[in-house]
Amino acid sequence: MTAEDFEMVCVQIITNSGSAKSSYIEAIQKAKEGAADEAQRLMEEGDQFYLEAHEAHASLLTQEASGEKVAFSLILVHAEDQMASTEMAKVLAREFIELYHKQS
């Protein structure tokens with residue numbers, strides 16, 4: 001994998017994680033407004049973005065597992081940080097949506 005390819009994979013992780021996080025936060029807002037169906041749709045949209053980020057990340061893990069060296073770089077650390085914070089946003093969004101649903 002070239003350095004440019006590596007950077008593109010990291011950018012895919014970052015952008016898809018960011019899109020997922022935005023969908024999850026918007027889902028919370030919709031649940032707060034009482035729009036349960038829209039909140040669910042946004043959660044599913046976020047899950048699709050997160051899956052794309054995860055698949056890009058898995059390609060790097062597969063590469064390293066097959067014996068190819070994966071560069072350690074600040075952009076990779078940032079990409080993994082974005083994935084981790086998105087995972088937490090997803091968990092919290094599900095909890096908030098459930099709470100808003102119980103209140104209505």
Side-chain angles (χ1 to χ4, degrees):
M1 176 180 290
T2 67
E4 186 176 294
D5 291 338
F6 173 76
E7 286 179 9
M8 286 304 298
V9 171
C10 289
V11 168
Q12 288 174 345
I13 295 167
I14 293 164
T15 56
N16 283 304
S17 292
S19 294
K21 196 181 313 177
S22 293
S23 293
Y24 295 145
I25 294 195
E26 191 176 350
I28 294 169
Q29 294 166 344
K30 291 299 179 184
K32 185 177 182 180
E33 295 169 6
D37 291 341
E38 183 64 9
Q40 180 59 34
R41 186 194 69 73
L42 286 161
M43 288 301 293
E44 290 169 4
E45 177 182 275
D47 289 346
Q48 185 58 45
F49 282 122
Y50 190 75
L51 176 63
E52 291 176 32
H54 179 68
E55 287 172 349
H57 188 254
S59 74
L60 295 177
L61 295 174
T62 300
Q63 178 184 339
E64 187 165 89
S66 70
E68 285 184 61
K69 185 109 172 115
V70 173
F72 181 80
S73 69
L74 188 55
I75 194 168
L76 177 59
V77 171
H78 179 62
E80 290 183 330
D81 179 55
Q82 290 303 304
M83 281 187 68
S85 67
T86 299
E87 182 72 25
M88 182 54 66
K90 177 182 177 176
V91 168
L92 292 174
R94 291 206 188 284
E95 291 297 318
F96 279 120
I97 290 167
E98 184 178 330
L99 286 172
Y100 285 127
H101 181 71
K102 285 181 180 179
Q103 286 182 347
S104 56

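Side-chain atoms of S17 do not come within 3.5 Å of backbone N or O of I14 as any donor-acceptor pair.
Summarising the geometry, atom CD belonging to E44 is positioned 11.0 Å from atom OG belonging to S23; distances are rounded to the nearest 0.5 Å. To the nearest 0.5 angstrom, M1 atom CE is 11.5 Å from E64 atom CD. Rounding to the nearest 0.5 Å gives a distance of 10.0 Å between CZ of F49 and OH of Y24. Put simply, CD on Q40 and NE2 on H101 are 10.5 Å apart, with the number rounded to the nearest 0.5 Å.
At a threshold of 4.5 Å between non-hydrogen side-chain atoms, the residues I13 and Q82 do not count as touching. Counting only heavy atoms from C-beta outward, the side chains of E87 and Y50 approach each other to under 4.5 Å. Put simply, the side chain of N16 does not reach to within 4.5 Å of the side chain of L51, judged on heavy atoms. Between E52 and Q12, every side-chain heavy-atom pair lies at or beyond the 4.5 Å cut-off.
Just one residue in the list T15, L74, I75, D5 forms a side chain to side chain contact (heavy atoms under 4.5 Å, CB included) with C10, and that residue is I75.
In this structure, M43 is not a member of the same hydrophobic cluster as Y100, with clusters built from ILVMFWY side-chain heavy atoms closer than 4.5 Å. A continuous path of hydrophobic side-chain contacts links I28 to M88 [ILVMFWY only; heavy atoms under 4.5 Å].
Every salt bridge (charged side-chain N to carboxylate O under 4.0 Å, His left out) that K102 has, sequence neighbours left out, goes to E98. Residues passing the side chain to side chain contact (heavy atoms under 4.5 Å, CB included) test with Q29 are I25, E26, sequence neighbours excluded. When the salt bridge (charged side-chain N to carboxylate O under 4.0 Å, His left out) test is applied to D47, the partners found at least two apart in sequence or on another chain are K90, R94. Every residue meeting the side chain to side chain contact (heavy atoms under 4.5 Å, CB included) condition with E80, not counting sequence neighbours, appears here in chain and number order: H57, L76. Residues that satisfy the side chain to side chain contact (heavy atoms under 4.5 Å, CB included) test with V77, not counting sequence neighbours, are F72. Residues passing the side chain to side chain contact (heavy atoms under 4.5 Å, CB included) test with E38, sequence neighbours excluded: K30, A35, R41, L42.
Taking each heavy atom of A39 and A31 in turn, the nearest pair found is CB-N, 3.9 Å. Between G46 and A20 the shortest heavy-atom distance is O-CB, 3.3 Å.
Atom CZ of F6 is surrounded by more than 12 heavy atoms from other residues, nucleotides or ligands within 6.0 Å.
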